[in-house]
Protein chains: 2
Amino acid sequence: MASDHTRSAILAAAERLYADRGFGDVTLRDIVAEANVNLAAVNYHFGSKDELIAELFVTRSIQTNRERLNELKAAEEAGGGRAAIEDIMRALVGPTLRGCLGPDREGSTAARFMIRASIESVPPIRRIKNREVDHLRKFAAAMRRAMPGRDDTELYWGLHFALAMAHHTIREKERLLRLSEGKCDLDDVRAIIDRVVTVSVMALTMGDVPNKPAARPVLVHGRLTRQDL
Amino acid sequence: MASDHTRSAILAAAERLYADRGFGDVTLRDIVAEANVNLAAVNYHFGSKDELIAELFVTRSIQTNRERLNELKAAEEAGGGRAAIEDIMRALVGPTLRGCLGPDREGSTAARFMIRASIESVPPIRRIKNREVDHLRKFAAAMRRAMPGRDDTELYWGLHFALAMAHHTIREKERLLRLSEGKCDLDDVRAIIDRVVTVSVMALTMGDVPNKPAARPVLVHGRLTRQDL
DNA sequence: TTGCATTTCAAACATTTGTATGAAACTATC
DNA sequence: GATAGTTTCATACAAATGTTTGAAATGCAA
């Protein structure tokens, strides 16, 4: 293999165009024009359009997932094998939010691409996301170690809500900005991560529920382990 | 206008096919075949494919929005002009969740269609969603009345997170089911609504934050109004 | 019935799209 | 420098798709 030049040019051009204009509006011809390569080069190097998209997404995904696991590992080692729940949640949502938000990331093609991928959800990307469950299980396991005795169901819901807040913030940051008329600072990523982590931990450690008129019994099985008061 | 027969047949067929197979996989020819009408009928009655999709989505949307506002109004009247924050959040996320989740809704075309619309996010639908901000402002206003003195920023974040949890649950219910190996009951809609409302209210009423190492000051302006301990 | 507007229909249009082909250019090894 | 493997290129292919057209059918009022 000589230099990978064409291959990389296609990847770079594709990521930029998809980031700027979305998956629906960009054709292979747009990409090869931007990359100054021949149309047939895409199928030669990647097999198909979908495989090109998949490679783009996988590259960025394993990057984020590695960061997540690194943070998780660091937190567990610092805690002597058992990380604090707050640090686990931070390891879960931090890399994603840092990767997609923030003023420095404004011009980052990778960030804008991942935002697109989060919004549009095209088939090849959906397929990859479906395999993400195994990755999440590692966090569920860490959470279980951090909160023994907690009902598993509560764990999953907490994990689910944490991802909900993180991803929704990425997906709908424009709308939140407009709704709040700029009052919500989407550039202060640290503060956003803190916010998401805080709410997630609250959701996970809540033992009983305030102002609950006629509701389901909360945590019938789970022992109250922390600051439940 | 004779009977609207063709028009309604197209709408029904389109909603069903989109619900089952997604927007990407369904062509106008599929729709007219299912509806037993002529291909040109779509453009005659709706102008274009996108306008057909838009009409489908708008119909279901205003339905949900009306339910939301009805619940909000009822809560405000019951509270003498000022609804409890919990009821406001319930009015916000209840109709959406009830509309898309639950065992009875399993076979509901409308529900499956709205889930699709939430997942795939096709251009005509995105355009409509962008106009949703005005609708959300009414809830922001109600929240402001319910929690006077609260910083506006906190309000918007709370509103945002509530929608995050609701929509993410709809979007990713399959994954949550798989991750939790069926432990999370996605059919118990009442419980899910309670859960989302509870966490939302917690996020909104939290005065200070547990286990916070070095974080931004929370609520420097907002008075602590409720069970802050 | 006549006349006019609405609706339906079959067929064609006009593009756009990803993909395949086969020859040419290039590269590295002997 | 001949050979074989790799890469590039122009071009064609084939299929799908939303849209348009103009005539035929239908409905309705006078």
Side-chain angles (χ1 to χ4, degrees), chain A residues 1-58 113 116-117 120-128, chain B residues 1-58 113 116-117 120-128:
Chain A
M1 181 177 306
S3 75
D4 254 4
H5 168 272
T6 303
R7 224 186 113 87
S8 334
I10 292 173
L11 284 169
E15 186 168 46
R16 187 164 14 157
L17 288 181
Y18 284 143
D20 286 343
R21 291 158 39 191
F23 295 99
D25 275 0
V26 176
T27 72
L28 287 190
R29 284 169 176 81
D30 293 330
I31 294 173
V32 299
E34 179 87 358
N36 274 311
V37 300
N38 188 272
L39 174 60
V42 174
N43 288 277
Y44 177 78
H45 284 283
F46 298 94
S48 72
K49 180 198 184 186
D50 277 12
E51 287 174 86
L52 166 61
I53 294 178
E55 173 150 346
L56 281 171
F57 185 71
V58 166
F113 174 81
R116 279 286 180 196
E120 292 197 15
S121 181
V122 76
I125 290 181
R126 255 203 302 273
R127 275 191 288 272
I128 294 164
Chain B
M1 183 178 307
S3 76
D4 252 3
H5 169 272
T6 303
R7 223 186 114 88
S8 335
I10 292 173
L11 284 170
E15 185 168 46
R16 186 162 15 149
L17 288 181
Y18 284 143
D20 285 343
R21 291 159 39 191
F23 295 100
D25 275 1
V26 175
T27 71
L28 287 189
R29 282 170 177 81
D30 294 330
I31 294 172
V32 298
E34 179 86 359
N36 276 311
V37 301
N38 188 271
L39 175 59
V42 174
N43 287 277
Y44 177 78
H45 284 283
F46 299 93
S48 72
K49 179 196 184 188
D50 277 11
E51 288 174 87
L52 165 62
I53 294 178
E55 172 149 348
L56 281 171
F57 185 70
V58 166
F113 173 81
R116 279 285 179 197
E120 292 197 16
S121 182
V122 77
I125 289 182
R126 254 203 302 276
R127 276 191 287 273
I128 294 164

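Order of the sequence lines sets the chain letters (A, B, ...), proteins ahead of strands, with each chain counted from 1. The basis for the numbers below is simple: all heavy atoms, side chains too, and nothing from hydrogens, waters or symmetry mates. Model, not experiment: these values are computed from the prediction.
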Within residues 10-22 of chain A, find the residues that approach DNA chain D with a heavy atom at under 4.0 Å, and present them sorted by residue number. none
Side-chain N or O of B:H45 versus OP1/OP2 of C:dT8: is the shortest distance under 4.0 Å?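 The answer is yes; a side-chain N or O of B:H45 sits under 4.0 Å from OP1 or OP2.
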Under 4.0 Å between a Lys/Arg side-chain N and an Asp/Glu carboxylate O for B:R116 and B:D20?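 No salt bridge links B:R116 with B:D20.
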Does the distance from a Lys or Arg side-chain N to an Asp or Glu carboxylate O, for B:R7 and B:E55, drop under 4.0 Å?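 Yes.
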Picking from A:V26, A:I31, A:T27, what satisfies side chain to side chain contact (heavy atoms under 4.5 Å, CB included) with A:R29?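 Single pass found, and it is A:T27.
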Should the ring pair A:F113 and A:Y18 be called parallel, tilted or perpendicular, given that the plane angle runs from 0 to 90° and is split at 30 and 60?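 The rings of A:F113 and A:Y18 sit tilted, inter-plane angle from 30° to 60°.
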Are any protein N/O atoms closer than 3.5 Å to N/O atoms in nucleotides 16-22 of chain D? If there are, list each pair with its distance.
{"unit_1": "D:dG18", "atom_1": "OP1", "unit_2": "B:K49", "atom_2": "NZ", "d": "2.7"}
{"unit_1": "D:dG18", "atom_1": "OP2", "unit_2": "B:L28", "atom_2": "N", "d": "3.0"}
{"unit_1": "D:dG18", "atom_1": "N7", "unit_2": "B:R29", "atom_2": "NH1", "d": "3.0"}
{"unit_1": "D:dG18", "atom_1": "O6", "unit_2": "B:R29", "atom_2": "NH2", "d": "2.9"}
{"unit_1": "D:dT19", "atom_1": "OP2", "unit_2": "B:N43", "atom_2": "OD1", "d": "3.3"}
{"unit_1": "D:dT19", "atom_1": "OP2", "unit_2": "B:K49", "atom_2": "N", "d": "2.9"}

Quick one: B:D4 CG to C:dT8 C1', roughly how many Å, whole number? 15 Å
Between C:dG18 atom C1' and A:F46 atom CZ, what is the distance in whole Å?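 These atoms are roughly 15 Å apart.
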Are the side chains of [X] and [Y] in touch, meaning some heavy atoms are under 4.5 Å apart?
X	Y	result
A:P123	A:I125	no
A:F46	A:L11	yes
A:R126	B:E120	yes

Applying the salt bridge (Lys or Arg N to Asp or Glu O under 4.0 Å) test to B:D30, which of B:K49, B:R21, B:R16 qualifies? B:R21
